[in-house]
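Numbering of ligands and ligand atoms starts at 1, following listing order.
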Amino acid sequence: MEKLGLNEIRERYLSFFESKGHLRLPSFPLVPQNDNSLLLINAGMAPLKAYFTGKETPPHTRVTTCQKCIRTPDIERVGKTSRHGTFFEMLGNFSFGDYFKHEATAWAWEFITKEMKIPVDKLWVSVYQEDDEAEDIWVNEVGVSKDRIVRLGKEDNFWEIGVGPCGPCSEIYFDRGIENGCGEPSCAVGCDCDRFVEFWNLVFTQFDKDEQGNYNRLAKPNIDTGMGMERLAAIMQDVNNLFEVDTVRNIMMHICKIAGVTYEQDEKTDVSLRVITDHIRGTTFMISDGIIPSNEGRGYILRRLLRRAARHGKLIGINEPFLYKVVETVVKENGSAYSELVEKADYIKRVVRTEEENFDKTIDQGLEILNQYISEIKKQGKNKLAGENAFKLYDTYGFPIDLTLEIAQENKIEVDIEGFNAYMEEQRTRARAARSEGETAGWGDEIYDQLDKTPTEFIGYDNTECVSRVLYIVKENQLCENVHEGEEAIVILDKTVFYGESGGQIGDIGTLVGGCKAQVFATQKLANGKILHNVKITNGYLEVGDSITAKIDTDYRNRITRNHSATHLLQRALRDVLGSHVAQSGSLVTDIRARFDFTHFSPLTSEEIIAVEDAVNNAILNSLNVDISNKSIKEAKEMGAMALFGEKYGKEVRVVKMGDYSLELCGGCHIKNTAQIGLFKIISETGVAAGVRRIEAVTGLSLLKIIRDADKTINELAQTLKSSPQAIISRAQGFVEDLRQANREIDILRSKLAGGSVDEIISDAQIVKGVSVISARIDGFDIADLQNMGDKIRDKIANCIVILATVKDDKIGFIAMATSEAVKSGIHCGNIIREVAKVAGGGGGGKPDSAQAGGKDITKVDSALEKAVEIIKFNLN
Ligand code: ATP
Ligand code: MG
């Protein structure tokens, strides 16, 4: 066998299948496109599902890919088995109703035995127990020895998910030798140990399972194969596990260097090294595909992986952020195949670093809380941490459950893991419900699945009205023939000028006029391209087959397009001002404003905001022509288009170019020249998630309205201040100064008043064992006033203790002051005031000769003072 590097193996595989007539497609992003059933792509076929089900037409009937995959269900096995990662790359060849078992098996065998030259005596094949056809082909056509074929049951060798396309599989295994096995006598192909490594799975999608559970043979069966590239590389490079494969090992070595440890010295350390290596690979790819750490969905998976890696870092003695440094090696090792890593390297590092720093804080905070729980449990003589508390640590503080378990164990405390799981399940159910609500949002998708798949022809880029035919009417989630005056319905036309909400641009409004008149109050677009007009019939009635004139509200549309075009200019300006890490992460363009979310780390300074506004307005004033054209992906890339993310390869893309300033792929509506935007202003800049900022901006007449509103406020303010708009600031400053002066006078008057009160208070003094005890309540004063009074009293009376209380604005204040003689007689103001404040539900303290406190219960002020006198009497010796 030739010792091939991982990157070479990828190339050899893809070109092998190209030579067999396959179209090579680049890896799809890890984030599924138009597929809510999956959080992350977990197999080569996942992003191709629509081609298998027939929902979409593939660009070619034979396709080959190397797909980046994430499989979190394997997380516990990572680092422990030789063959599992949560991240790996899957090589695959696919047939959409083209070739079937004969070719799939023959080519697979040819690739591994001729191209890769893996010795046949190391290979095993499994087939589904009922798939005689497959065994026959392997033995009689491909030439695999019959005693190297095993039959496995449905669990291992039948692929299905619910109803739909499914079928038997056939897997290819490599025998790593008895020394790598579990040693059990029953050990054979299919055993979960590390001897027989499954590295290629050929799925023969030959059935369509219906609702009744019948397996109906497909007229045109498909092929879906998946081979773990790292597993193949481990075989080719004759290494023990997939972390020792060339590129992966280099990442692990970087971690060893940071930790100052050596691989293969200690098994526990090795597991941690492999876990970190795996997780940093996966997370680097996830971030490059636009995922950011959060507490939900994909963002949560990312966070979990990063935190788990950080924690394993701590286990091997790394106590500061380090993963972001390892990102560099991940980028270096994979950059040649995945240019997005190189482009976004700085950004990825920043996301990782921020998350590491946050986690450090979390760990400290979480530890503190967990220790509180533990000491409480011990105090109560119990030995179990409640599931609720474990969940709280996890949910509120991001404290990983395995860490909780570990620390609890160290303290000989159990964790109610069932309770914890119940809380988790509850949370998941909530999340799921929230997701599905968001997905269908009143559109009851299923009904549209019954319709023909032809997209509605959209001719609204250049037209504002057209004559169309009514194809379908949906009323209360049911297809129907007509809809009457006063009723609402969803109408589908053969063609339309109404833009259906998509790509962050809201849908048009307008009218449908024929035999009836209908207001279109919203327009949506289905994933399959059908455009849905939400209408209310205001006159007459509408019937399927009617011919009507569809007309959009052009004023509304113009306001939207101004805002939409402005977001393109904004994106360019942000990249110029802040840096090339800025990438769009969402947008919403309406008739009122443009909202634009983008990746960036800190709030924008006011200088940056001004610089961005200036740049956009310059582009507007330069009246740049907006050119829109359809191009192939290749041409668009050559023109310098960014964000080719998840675009359907092979298809044409729509390129929107504004002078030489902005170039974006976009399906939305735009103005003809940037000057039509008028003027642009940012009205808010906020954070929406870690590393994501949001700008809201207005253009054109909306901006005029904002200026007018601001003018109105200023004018009203001027009137209220009896001033002119030009003079309001100095006028307001004058008021502030007057107020300050007035307050100063109030202070002087109050202290005079206090001086007067002092004599009155003194006259009420009681003498206890030679010490004058003075206590009084004087409401409406501050603590500082009381202290002033206390000082004055001490100056007047030689041997005294003063306790004063005040209630002001519902707050209680106490002070105590004593002369040195009184202190000598046993008085300690700090101790006294503490007891006194307690009576009024408060606390405080201080020195023997002076102290102060607060309180909460106003009704207890008098009894607190009485208590003071009692304590003083008791303490005096
Ligand atoms: P296993 O039983 O070993 O977990 P699987 O049956 O889950 O594998 P498939 O779903 O058939 O695997 O995926 C196809 C191929 O992808 C496998 O043959 C294997 O080479 C690779 N693969 C699957 N899971 C992983 C993983 N966690 N890490 C690396 N490669 C994997
Ligand atoms: Mg598996």
Between the side chains of Arg62 and Glu18, is the shortest nitrogen-to-carboxylate-oxygen separation below 4.0 Å, so that they form an ion pair? no
I want to know if ligand 1 touches Glu171 in the polar sense, i.e. an N/O pair below 3.5 angstrom. no
Could you tell me whether Arg217 and Glu133 have a side-chain N and a carboxylate O separated by less than 4.0 Å? yes
Return yes if a side-chain donor-acceptor contact under 3.5 Å exists between His312 and Ser272, otherwise no. yes
What atoms of ligand 1 come closer than 4.0 angstrom to any heavy atom of Met90? 13 (O), 14 (C), 16 (O)
With atoms numbered from 1 as shown, which atoms in ligand 1 lie under 4.0 angstrom from a non-hydrogen atom of Asp74? 24 (N), 26 (C), 27 (N)
Contact check: Phe199 vs ligand 1, nitrogen or oxygen atoms, below 3.5 angstrom: yes
Got an N/O contact under 3.5 Å between Gly228 and ligand 1? yes
Is Glu135 salt-bridged to Lys146, going by a charged N under 4.0 Å from an acidic O? yes
Arg71 contact mode with ligand 1 (heavy-atom cut-off under 4.0 Å): side chain
Checking contacts here: is it the side chain or the backbone of Arg231 that comes within 4.0 Å of ligand 1, counting heavy atoms only? Could be both or neither. side chain
Looking at Tyr51 and Thr57, what are the two nearest heavy atoms and their distance? CE2-O, 3.5 Å
Does one side chain, of Thr86 or Asp278, offer a donor that lies under 3.5 Å from an acceptor on the other? yes
Look at ligand 1 and say whether Glu230 reaches it with a heavy atom at a distance under 4.0 Å. no
